[in-house]
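Worksheet: one structure, shown below.
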Amino acid sequence: MLAFFRRALSSWLAVGLLALIMLAFVATGVGTPGGSLTGGPSADAVATVGGRPISVNVISERAQTALRQAREQQPALTMPQFLASIGGLNPLVEQSIGAAVLSAWAERHGLAASERLIGSEIASFPAFRGATGKFDENAMNALLNQRRMNFNTFHDDVRDELIRRQLLNPIMTGTRAPDGLLRIYAQSLIDKREGVIGLVAAAPAGIPTPTDQQVADYYRSHIARYSLPERHALRYALIGPDSVSPPAPTEAEIAAQYKADAAKYAASETRTIQRVVLPNEAAAKAFATAVAKGTSFAQAAAGQGLAAADINAGTVTKDAFAASDGAAIAAAAFALPSGGTTAPVQSPLGWSIAHVEAIKAVPARSLDQVRSEIAAALTKKKADDALGKLVQQVEDAVGDGANFNEVVAQHKLQAVTTPPLLPNGTAPSDPNFKADPTIAALLKATADSSADDAPTVETLDQNGHFALVGVASVVAAAPVPLAQIKPRVAEEIIFERAAARAKTQAQSLLGKINGGQAPAAAFQAAGMKAPQPLSLSQIELSRAGADVPAPIRTLFRLAPGKADLVQGPNGSWFVVKLDRIAPGDAKMLPMVIGATRSELQRGLGDEYAQQFANAARVEVKVKRNLTAQGKLEQDLRSGNNGGGAQ
């Protein structure tokens, strides 16, 4: 589902091409009143198009509706996850702008959709048909309400969509790629690229060991590479559940808790229920008849345009179901056996029908049966309370001026001191030291602290783990003494020289090969392993996906007879030469032409439509309000709906 959204949102024109305003997707139109009708966007509009505002509410509602649609495939999807998957809020804004541009351009040039045409389009929706199979206004209103849609803005979206069809369909329909172009394109896919790829490795063999003076000079000229940033040695004491020992709950406390939670341990029953709400009794009776004849409840609901998310009431108690759907339908549903379906029941929302998928009856539990459960809960509560009290006492002591050692001694905590650590948790003075996640978190918390600062209490996680932490000492940034890393510096000098030699050799080979010498002869004369031959077509290359090595990509951009260099790993270089482009198997050509015809023609149609839309966008003035858009996206990501529907 998210892949669909990413594809659909890749172009601002896609809103017109995919008819995303239909029931499956869009909640409101871009013409919602609000904001200034002239000049730039007002504070509550993300943009104006031809003087018409696109309000913050509209974009918020589009985002909320798109999220609800995506949740039909991924129920746990959050708004931040959804926005991240489609590249943020901007694609939705660009789609709305693109749709508004086309509508505004059409309006300027006299294109319109009559009310009769709009009504016919709305009446053609299968989901709006009633029990007779014909358009039913009550069914439409019920479904729009369930989808949280406003009819007026839905009507305007249908109108705008019809206008965009008038604009774009003639441009896109019947687009045909010339046979000559198809043949050339298909031929390029099956032709073989034949060439060679040779490796010039950065081998250290033959490179003399640098002298002490050379090592010292290299060290001084690359001193930043061999310098360590400031390091902090931390001292910390963990505070957690193991730091407290509360008394065990007494029998009196357990009995009192059992009495306080009497409703929790009494007999109870929950039911997993599906339900639909239909606009009139006739539609409800027709629905019930279909279910009685063997149609599953979900299938019958789908015939009304309702998805699983629309009909699932969940696993509920009778009181909870009555609160959400009404006492009458709740009484009927809880009087049925598992698998039963109620008759239509009139409710405040319309005519309701419920189906019981499962029943779970929980018998009452005595004190003896739940004693261990209550004891465990009380033990945890006492431990949590004791831990909270201890943390508060430590924070109070720090606030009163106590130093790290005094707090540790007073509360009998276990102190730990680390070696001087880099921000990434490594200890240059102790290669065997391994920083665990706790230390990584404490390093981040004390990044701006010094040894003179008071200790702090840091929260490590949400499971009751804290730490009293301070900076024991700070080691200033400084170069590592040459004596400690002299072998490393010498190795890097040798590697650098080997890489430079490899590049020089590769450039020499390239010159000879482009000068006419055969690659095999050039590599042999240089004492290197002969290049490897390669023969590959575009079709074969496509099977590798995105992981195509750079030398092979180079083979497909070279002209026949030409060579080029590609840098490889570890200082190495590749010499790549394309010898020739061999014609592919002619028998494959008709098949490839057939397979690529629709792709190429669809691409041409999309390109024509996009160019038309770009031209319309030049004529229709668009003004963006990036501040309003940024605030809306921040609100959506933080859980504030930004004024839109939930």
Do [X] side-chain atoms and [Y] backbone N/O form a donor-acceptor pair below 3.5 Å?
{"X": "Asp310", "Y": "Ala307", "answer": "yes"}
{"X": "Ser103", "Y": "Ala100", "answer": "no"}
{"X": "Glu281", "Y": "Trp351", "answer": "no"}
{"X": "Ser55", "Y": "Asp44", "answer": "no"}
{"X": "Asn312", "Y": "Gln274", "answer": "no"}
{"X": "Ser60", "Y": "Val56", "answer": "no"}
{"X": "Thr554", "Y": "Ala550", "answer": "yes"}
{"X": "Arg275", "Y": "Asp325", "answer": "no"}

What closest approach, in Å, do Ala354 and Ile273 show between heavy atoms, and which atom pair accounts for it?
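Taking every non-hydrogen atom into account, CB-CG2, 4.1 Å.
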Crowding at NZ, Lys192 (>12 non-hydrogen neighbours, <6.0 Å):
yes
Over 12 foreign heavy atoms within 6.0 Å of CD, Glu619
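Yes, enclosed.
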Atom [atom1] in [X], atom [atom2] in [Y]: separation rounded to 0.5 Å?
{"X": "Asp136", "Y": "Met140", "atom1": "CG", "atom2": "CE", "value": "9.0 Å"}
{"X": "Leu167", "Y": "Leu162", "atom1": "CG", "atom2": "CG", "value": "11.5 Å"}
{"X": "Thr342", "Y": "His355", "atom1": "OG1", "atom2": "NE2", "value": "10.5 Å"}

Using a 4.5 Å cut-off on heavy atoms from C-beta on, say whether the side chain of [Y] contacts that of [X].
{"X": "Thr627", "Y": "Lys631", "result": "no"}
{"X": "Arg271", "Y": "Thr315", "result": "no"}
{"X": "Ile97", "Y": "Arg624", "result": "yes"}
{"X": "Leu636", "Y": "Phe82", "result": "no"}
{"X": "Val46", "Y": "Glu633", "result": "no"}
{"X": "Ser96", "Y": "Ile59", "result": "yes"}
{"X": "Asp564", "Y": "Arg557", "result": "yes"}

Check the orientation of Phe128 and Phe125. Use parallel for under 30°, tilted for 30 to 60°, and perpendicular for over 60°.
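Geometry flag for Phe125 against Phe128: parallel rings.
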Parallel, tilted or perpendicular for Phe321 and Phe334, by the 30°/60° rule?
tilted
Please determine whether a side-chain nitrogen of the Lys or Arg among Glu107 and Arg159 lies less than 4.0 Å from a carboxylate oxygen of the Asp or Glu.
no
Can you tell me which residue among Leu102, Val101, Val49 is in a side-chain contact (heavy atoms from CB on, under 4.5 Å) with Arg617?
Val101
